[in-house]
Amino acid sequence: MSERWKSGKHHIVSQVAKKCAQGDWRRFCGPYEIKAYERHLRDLERQGTPDFPYVFDTTRADRIIRWFSTICRHVRGPLAGQPIRLDPCQIFDLGCVYGWVHLETGARRFRITYNKRARGMWKSTEKSGQALFHMCADAMYPPYEPEKAVYEMAPEVECAAVDREQAKRVFGDARLMALASPQIAKRLKIPKSETAPLKHKKLGGFMRPLSRDTKNKDSGAPCYVVIDEYHAHPTSAIYDIEKSSLGKRAQCLLDVITTAGDDAQSKPCYREELYAKQILDGDQIAEHYFVMIRELAPEANVHDKTVWPQANPALRSVILADELAAGLPSAEKAAEIFGGADALREAAIYGRQMLQTITDDYTEAYGSNDPDKIRNFLIRRMCVWQIGAVNHYLDEHCMQLVRESMISPQEFAALTDGLECWIGFDLGKRIDLSGVGAVFLLPDGRVAVKMYGFLPEGAAQRHERTDRVAYIAWAKDGYCTLTPGDVTDNSYIADWIEAGELQHGWRLVEICYDGHNATDLAIALCEHYSNEDICVEIAQSCAGQNIAVKGFRDLLLARKLVLEYSPLVLWCLANAVEIKNNYGDIKLSKKHKDDTERIDPVAGMMNGLARALVRKENPSLGDAIASGAWGM
């Protein structure tokens with residue numbers, strides 16, 4: 001076998017990548033799908049180098065592709081009992097995940113995957129086949145030496161989902177697929193019970209469904225874990241348990257498959273997706289992590305059916321089959337990747353069924369003008385995350401603007417050192433998070449905001465468990481302070497303000513606060529500055545908070561807001577919910593009174609912003625003179 005062929009550049013996986021990233025199939029793809037193909041093509045150029053000790057072994061990619069096409073059988077529909085013919089998108093995903101291996105050991109490169117696509121795009125069938133592959137056929141060998149294959153002994157396969165019924169979906173399909181596929185059935189012990197684990201007759205091990213309802217969720221040494229419909233998981237508990245079990249095998253795989261979901265800002269799946277997108281953007285380096293995201297592009301017009309294939313790859317075969325019928329030369333080349341003209345036409349049959357179903361859902365959703373139906377259409381059919389029914393203060397567009405507006409502490413200091421400053425603070429319960437913010441009016445008309453948190457050191461570990469965020473790591477990185485003891489020492493807030501004055505030359509205008517639990521600190525600050533007017537209590541009503549809460553969002557949308565980077569602040573802003581009175585005034589709140597999704601640094605900052613914006617709209621005589629509008 002030639003070295004050129006060993007490079008994998010001409011393998012079908014790479015052919016799909018080239019057509020989607022550089023060729024005429026690019027028209028079908030959204031931006032992050034294209035980036036996944038480009039990542040593969042870049043990796044082919046640097047494979048086997050000291051900085052990248054992985055190679056694309058076409059024999060390993062072929063193993064998983066052949067497994068589906070020659071071993072696995074469809075279990076329902078008009079194709080029941082027939083071999084599974086993979087779509088080119090599936091060929092790429094599976095071939096990439098299983099084809100990339102370590103240069104020396106042959107262990108798989110990818111140990112975690114995040115794969116997102118719309119409903120009806122073969123997810124359960126594909127993952128069922130993979131689960132059976134890991135039960136029966138997974139092997140490891142040095143690159144391009146299949147004769148040295150060593151099979152996985154006592155394989156442990158987990159089909160994980162949010163509840164028992166969803167877990168049974170993948171597991172049940174895998175069970176039916178095993179029964180329908182003779183070469184699999186003869187290798188496995190398949191109990192009559194639809195929920196009993198499957199076992200391999202010779203290799204041992206088991207395959208089982210797993211959910212939050214499962215009494216014993218701890219895994220021993222899984223070789224393959226599929227987490228189905230991760231968007232439905234309210235917490236990352238199942239993901240965390242399974243991830244912590246990895247590493248006991250030479251080439252274990254945690255495989256996440258999902259569509260989009262609702263209430264994005266509170267879902268672990270959405271946070272995982274943000275990280276996955278950072279990998280494709282090149283902002284994070286994670287060579288062990290495979291990412292494929294097929295979703296409607298943000299700028300795409302959902303009313304234009306030609307963009308629907310971005311989230312629904314099955315629809316692409318319809319377009320290509322029509323082009324083949326019209327005699328387009330490019331379609332003839334496309335048919336070769338599908339396995340021939342007949343294979344393309346066969347794929348288009350299912351594609352047309354899905355197109356009709358999606359069209360019916362679209363017509364019902366937008367014809368009725370029902371917001372819930374439109375939301376569900378975007379989630380399930382276009383794979384677009386939505387904010388929940390809870391009235392989040394910042395939607396996904398605004399949260400993206402927040403991330404774009406953040407700058408490093410060094411850059412923030414360069415912008416704000418020596419400027420006038422409005423401080424705002426909000427004191428939580430003495431055992432909980434408290435927050436403080438500093439607001440600056442920049443000379444160019446923008447507003448700069450810095451936020452910070454305080455938490456009792458003795459309660460940090462407990463709050464990490466209940467709030468599910470990394471307070472201790474955040475404190476080490478300088479985004480919050482853990483005060484000694486089991487209750488928050490509010491004097492640290494005064495120290496933080498004084499440090500800003502001494503180290504950055506802040507010129508305090510006012511210190512603004514929520515009067516709840518804060519009277520003692522306000523009195524102490526007035527005494528410290530020998531100025532009884534420096535502390536201003538801000539009403540926590542909708543009317544009292546309206547100017548700040550609406551103003552912050554308006555500044556954000558106008559790209560006139562600068563934020564100092566902080567993961568704590570990102571988390572708090574995502575948690576904030578708005579409450580509106582009968583006059584249209586709004587204030588911030590948490591979802592529930594005792595909710596652990598905290599907003600204290602944001603609430604504190606809003607107190608300072610309320611007074612700063614009054615000054616911005618009603619400049620003082622000194623401001624007018626400084627701007628040149630007035631003279632002396």
Side-chain angles (χ1 to χ4, degrees), residues 13 36 39-40 43 54-57 59-65 67-68 72 86 90-102 105-117 122-141 143 149-161 167 170-171 173-174 198 200 203 205-210 219-230 236 238-258 269 272 275-276 279 286-292:
V13 170
R39 182 190 188 193
H40 172 75
D43 290 346
Y54 303 101
V55 295
F56 186 70
D57 184 345
T59 69
R60 294 287 286 274
D62 288 340
R63 282 176 60 84
I64 187 68
I65 295 170
W67 172 258
F68 278 91
C72 297
L86 295 173
Q90 294 177 286
I91 289 174
F92 174 82
D93 294 357
L94 293 168
C96 201
V97 169
Y98 289 85
W100 282 103
V101 299
H102 191 273
T105 66
R108 272 193 301 272
R109 164 192 174 184
F110 292 116
R111 300 190 300 277
I112 299 176
T113 79
Y114 183 89
N115 199 314
K116 178 188 177 190
R117 65 180 87 132
W122 323 288
K123 295 193 296 294
S124 294
T125 298
E126 181 180 309
K127 298 309 162 186
S128 297
Q130 283 180 261
L132 292 170
F133 177 82
H134 284 270
M135 279 297 294
C136 300
D138 192 26
M140 187 173 77
Y141 52 83
V150 177
Y151 287 85
E152 191 75 66
M153 298 300 296
E156 296 180 20
V157 175
E158 307 273 16
C159 301
V170 172
F171 177 80
D173 278 8
L198 309 185
H200 198 285
L203 300 177
F206 60 84
M207 179 198 300
R208 66 167 181 167
L210 177 72
S219 295
C223 59
Y224 179 69
V225 178
V226 54
I227 298 184
D228 191 30
E229 301 295 8
Y230 191 32
S236 61
I238 293 290
Y239 183 97
D240 294 340
I241 289 172
E242 296 302 320
K243 187 177 180 181
S244 67
S245 300
L246 300 181
K248 300 173 185 176
R249 307 259 185 172
Q251 52 174 16
C252 44
L253 179 60
L254 176 63
D255 196 8
V256 173
I257 185 74
T258 190
C269 181
E272 191 68 25
Y275 175 69
I279 295 173
E287 304 295 4
H288 68 289
Y289 200 129
F290 174 82
V291 181
M292 175 52 75

Check your understanding: Closest heavy-atom contact between Ser128 and Ala174?
Key -> OG-N, 3.4 Å
Check your understanding: Yes or no on side chain to side chain donor-acceptor pair (under 3.5 Å) for Glu272 and Tyr239, after CA distance, side-chain angles and deciding distance?
Key -> CA-CA 10 Å; Glu272 191 68 25; Tyr239 183 97; 3.2 Å; yes
Review point. Which heavy atom of Ile64 sits nearest a heavy atom of Leu94, and at what distance?
Key: CG2-O, 3.8 Å
Review point. Parallel under 30°, tilted from 30 to 60°, perpendicular over 60°: which one fits the rings of Trp67 and Phe133?
Key: perpendicular
Revision key, fill the gap. NE2 of His40 to SG of Cys96, rounded to nearest 0.5 Å, is 5.5 Å
Practice item. Only one of Arg63, Gln251, Gln130 passes side chain to side chain donor-acceptor pair (under 3.5 Å) with Tyr98; say which it is. Key: Gln130
Point to revise | CA sep, side-chain torsions, deciding dist, call: Leu210, Phe171, side chain to side chain contact (heavy atoms under 4.5 Å, CB included) | key: CA-CA 9 Å; Leu210 177 72; Phe171 177 80; over 6 Å; no
Exercise for review: Find the distance between CE (Met135) and CZ (Phe206) and round it off to the nearest 0.5 Å.
Suggested key: 9.0 Å
Review point. CD1/Ile257 to CG/Asp228 distance, rounded to the nearest 0.5 angstrom?
Key: 7.5 Å
Review point. Do Thr258 side-chain atoms and Lys116 backbone N/O form a donor-acceptor pair below 3.5 Å?
Key: no
Point to revise | Other residues, nucleotides, ligands: >12 heavy atoms within 6.0 Å of Tyr275 OH | key: yes
**Study point:** Pi-cation contact, Phe290 with Arg39 (under 6.0 Å, within 45°)
**Key:** no
Review point. To the nearest 0.5 Å, how far apart are CG in Asp57 and CG in Asp62?
Key: 8.5 Å
Review point. What pairs with Lys127 under salt bridge (Lys or Arg N to Asp or Glu O under 4.0 Å), at least two apart in sequence or on another chain?
Key: Asp255
Check your understanding: side chain to side chain contact (heavy atoms under 4.5 Å, CB included) between Trp100 and Asp43: does it pass, once the steps are laid out?
Key -> CA-CA 10 Å; Trp100 282 103; Asp43 290 346; 3.6 Å; yes
Exercise for review: Indicate yes or no for a side-chain donor-acceptor contact from Arg109 to the backbone of Glu287 under 3.5 Å, with no hydrogens or angles considered.
Suggested key: yes
**Study point:** Backbone of Val97 reached by a side-chain donor or acceptor of Arg108 within 3.5 Å
**Key:** no
Review point. Any idea which heavy atoms bring Asp173 and Ser124 closest together, and the distance?
Key: OD2-CB, 3.6 Å
Practice item. Considering non-hydrogen atoms only, spot the tightest contact between Ser236 and Tyr230 and give its length. Key: CB-OH, 3.5 Å
Review point. Passes side chain to side chain contact (heavy atoms under 4.5 Å, CB included), Glu156 versus Lys248? Steps please.
Key: CA-CA 11 Å; Glu156 296 180 20; Lys248 300 173 185 176; over 6 Å; no
Exercise for review: Evaluate the side chain to side chain contact (heavy atoms under 4.5 Å, CB included) criterion for residues Arg117 and Trp122: first the C-alpha distance (whole Å), next the side-chain angles of each, then the deciding distance (0.1 Å), finally the verdict.
Suggested key: CA-CA 9 Å; Arg117 65 180 87 132; Trp122 323 288; 4.2 Å; yes
Check your understanding: Would you find a donor on one side and an acceptor on the other, under 3.5 Å apart, between the side chain of Thr105 and the backbone of Ala107?
Key -> yes
Check your understanding: side chain to side chain contact (heavy atoms under 4.5 Å, CB included) with Arg111: which residues, sequence neighbours excluded?
Key -> His288
**Study point:** All salt bridge (Lys or Arg N to Asp or Glu O under 4.0 Å) counterparts of Glu229, not counting sequence neighbours
**Key:** Lys123
Practice item. Side-chain contact test, heavy atoms from C-beta onward, threshold under 4.5 Å: evaluate it for Tyr114 versus Ile279 and give yes or no. Key: no
Check your understanding: What are the two closest heavy atoms between Pro155 and His134, and how far apart are they?
Key -> CB-O, 3.4 Å
Revision key, fill the gap. For Glu242 and Leu254 the tightest heavy-atom approach is CB-CD1, 4.2 Å
Exercise for review: Can you measure from CD (Gln90) to CZ (Phe68) and round to the nearest 0.5 angstrom?
Suggested key: 7.0 Å
Check your understanding: To the nearest 0.5 Å, what is the distance between OH (Tyr224) and CG (Leu132)?
Key -> 10.0 Å
